[in-house]
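Here is the structure we will look at, set down as structure tokens.
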Amino acid sequence: MGEKLRVGILGGTGMVGQRFISLLENHPWFEVTTIAASPRSAGRTYEEAVEGRWKMDTPIPEDAKNIVVMNVNEVEKVAAQVDFVFSAVDMTKEEIKKIEEAYAKTETPVVSNNSAHRWTPDVPMVIPEVNAEHMEVIPFQRDRLGTKRGFIAVKPNCSIQSYAPVLAAWKEFEPYEVVATTYQAISGAGKTFHDWPEMEGNIIPYIGGEEEKSEKEPLRVLGRIENGVIKPAESPVITCQCIRVPVLNGHTAAVFVKLRKNPEKEQLIEKLTAYRGIPQELGLPSAPVQFIRYMEEDNRPQVTLDVEYENGMGISVGRLRKDTVYDWKFVGLSHNTVRGAAGGAVLCAELLKAKGYIARK
């Protein structure tokens, strides 16, 4: 590709920030040159800043260890060092909205893992295989912000990744009612078992804000651009429960679906396994070769066996069968901090680069 784009990680010392830095090691297009975090971490090397709280299974990348952490609030100073940023800051929703817009207004594209801008009407919220066309709302957002190259794009909540792509693959069969229960890993709360020992052998039947996101965000992903904003789809109607379970990585969903059409099981499976999007067509660096796989075994997908499918970027589906109340039911599995967080954002950035929205300053 030639010279790599210079990347900044906002909130680089937290769990998702750490995942960004791990995933971007040796990336063919992007190079982490700047890490920004809270004032208490600023001025220390990255290795010093995360000492005793590095949460990845792999060591800190050598190229990141000696980067001196900058103050994330010094927007102009950080923005001057980079071509674009990934945002994983830990702030209030209003603070996140404000700081992400501030970076965008320095003509620095922001690809965010945060939820603050997911319902800003002209901010694309994208699963790249499903709704890449929503990136076309960016020129309208730039008009509002008064920017030429700066903008904000976000990825959806980690909890929807294990079932929303299935609904997209089955779109022609017209799903109209969905019941989903997600069994969510503790890393979704930025925790490990070392941090949260009371989760061992435990289940907590509540995750703040998660059920609302799980019910509404798929409709925005499945929506359309109209008059310069994203209009959410009106169906399917989704109801959801979200449960925290004693698993480190991997969100599992048990899903029931009603369809207006009446496909055979073989047709449903064929739509899953054949489902491809622009990331596969373009061969983007982080794109899974096969986005969704179907597993025939009665006891799959399993977190311990399947969460790393396609380097954590693929979706595993199994136990598709007819239901006595709904038409069909299935189980889905996705990696919540790879596909559902940092990896999904990296793939969004690759798509934005391939489409010309991100380039060197």
Side-chain angles (χ1 to χ4, degrees), residues 1-12 16-36 46 56 58 60-67 70 78-88 100 103-104 106-114 124-136 138 142 147-155 276-291 308 310-314 335 337-361:
M1 158 193 141
E3 204 168 356
K4 293 183 181 182
L5 297 180
R6 301 167 299 159
V7 178
I9 311 294
L10 311 182
V16 174
Q18 292 177 21
R19 181 68 76 180
F20 272 121
I21 287 164
S22 296
L23 288 174
L24 290 167
E25 185 179 17
N26 301 318
H27 192 281
W29 294 2
F30 308 144
E31 180 180 1
V32 177
T33 59
T34 303
I35 301 170
Y46 186 66
M56 300 296 103
T58 53
I60 302 170
E62 288 296 324
D63 290 347
K65 284 183 177 180
N66 294 317
I67 293 177
M70 300 180 72
V78 175
Q81 309 293 317
V82 299
D83 296 311
F84 76 99
V85 296
F86 289 110
S87 177
E100 289 183 349
Y103 274 94
T106 68
E107 301 294 358
T108 304
V110 178
V111 182
S112 181
N113 182 72
N114 296 304
M125 181 176 75
V126 173
I127 300 175
E129 287 87 351
V130 176
N131 62 324
E133 71 279 3
H134 284 193
M135 298 299 190
E136 294 167 18
I138 288 171
R142 283 173 169 162
T147 59
K148 288 185 169 58
R149 71 187 301 281
F151 64 87
I152 302 161
V154 300
K155 50 142 288 296
R276 290 167 56 84
I278 291 176
Q280 287 70 40
E281 293 170 11
L282 297 178
L284 298 180
S286 299
V289 175
Q290 184 172 347
F291 180 34
E308 298 291 345
E310 290 278 15
N311 298 312
M313 290 296 289
H335 196 306
T337 66
V338 181
R339 167 56 75 164
V346 170
L347 188 59
C348 282
E350 292 169 358
L351 176 62
L352 287 161
K353 185 213 167 293
K355 293 291 186 181
Y357 291 104
I358 293 178
R360 282 196 74 82
K361 282 184 177 175

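Since the structure is predicted, the reported quantities are computational estimates derived from the model, not experimental observations.
I127 contributes atom CD1, which lies 12.5 Å from atom CG of L351 (distance to the nearest 0.5 angstrom). Here CG of L5 is found 9.5 Å from NE2 of H27. Values are rounded to the nearest 0.5 Å. For the atom pair NZ of K355 and CD of E350, the computed distance is 14.0 Å after rounding to the nearest 0.5 Å. Note that CG of L23 is 8.0 Å distant from CE of M313, once rounded to the nearest 0.5 Å.
Counting heavy atoms of neighbouring residues, nucleotides and ligands inside a 6.0 Å radius, atom NZ of K65 exceeds 12 of them.
Contact detail for V32 and I67: the closest heavy-atom pair is O-CD1, 3.7 Å. Summarising the geometry of V110 relative to A104, their closest heavy-atom pair is CG2-N, 3.9 Å, with the distance given to 0.1 Å. Nearest heavy atom pair, residue T106 against residue K361, reads O-NZ, 4.3 Å. Between I138 and P124, the shortest heavy-atom contact is CG1-CG, 3.9 Å. Minimum heavy-atom separation, P128 to A132: O-CB, 3.5 Å. Across P109 and I358, no two heavy atoms sit closer than the pair CB-CG1, 4.0 Å.
Legend: residues meeting side-chain hydrogen bond (donor to acceptor under 3.5 Å, both in side chains) with E100, ordered by chain and number and at least two apart, are S87, S112, N114. F151 is linked by a ring-ring contact (aromatic ring centres under 6.0 Å, His included) to nothing, counting only residues two or more places apart in sequence or in another chain.
The side chain to side chain contact (heavy atoms under 4.5 Å, CB included) with F291 is formed by just one residue from the set R276, E310, R339; it is R339.
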message: Applying side chain to side chain contact (heavy atoms under 4.5 Å, CB included) to I9 and T34, what does each step give before you reach the verdict?
response: CA-CA 6 Å; I9 311 294; T34 303; over 6 Å; no

task: Starting from the C-alpha separation in whole Å, work towards a yes-or-no answer on side chain to side chain contact (heavy atoms under 4.5 Å, CB included) for M135 and V126.
output: CA-CA 8 Å; M135 298 299 190; V126 173; 3.9 Å; yes

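Checked by atom type and distance alone, the side chain of N131 pairs as donor or acceptor with a backbone atom of M125 at under 3.5 Å. Side-chain atoms of K155 do not come within 3.5 Å of backbone N or O of C348 as any donor-acceptor pair. Listed for the R6 side chain is no donor-acceptor partner under 3.5 Å among the backbone atoms of F30. Proximity of a side-chain donor or acceptor of Y103 to a complementary backbone N or O of G150 within less than 3.5 Å is not detected.
Put simply, the side chain of T33 reaches to within 4.5 Å of the side chain of V82, judged on heavy atoms. Side chains of R149 and R142 form a contact here, defined as non-hydrogen atoms less than 4.5 Å apart. The shortest side-chain heavy-atom distance between T337 and V16 does not fall under the 4.5 Å cut-off. Using a 4.5 Å heavy-atom cutoff, the side chains of V346 and V111 are not in contact.
Salt bridge present: D83 and R360 bring a charged side-chain N and a carboxylate O closer than 4.0 Å.
Aromatic ring pairs are classed by plane angle as parallel below 30°, tilted from 30° to 60° and perpendicular above 60°; the pair F84 and F86 is perpendicular.
Annotation: cation-pi geometry satisfied between K353 and W29 (NZ/CZ under 6.0 angstrom from ring centroid, within 45° of ring axis).
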Quick one: side chains of residues 277-285, donor-acceptor pairs under 3.5 Å with protein atoms, not counting sequence neighbours, listed by atom name and distance.
from, atom 1, to, atom 2, distance (Å)
Q280, OE1, G277, N, 2.9
Q280, NE2, E129, OE2, 3.1
Q280, NE2, P288, O, 2.9

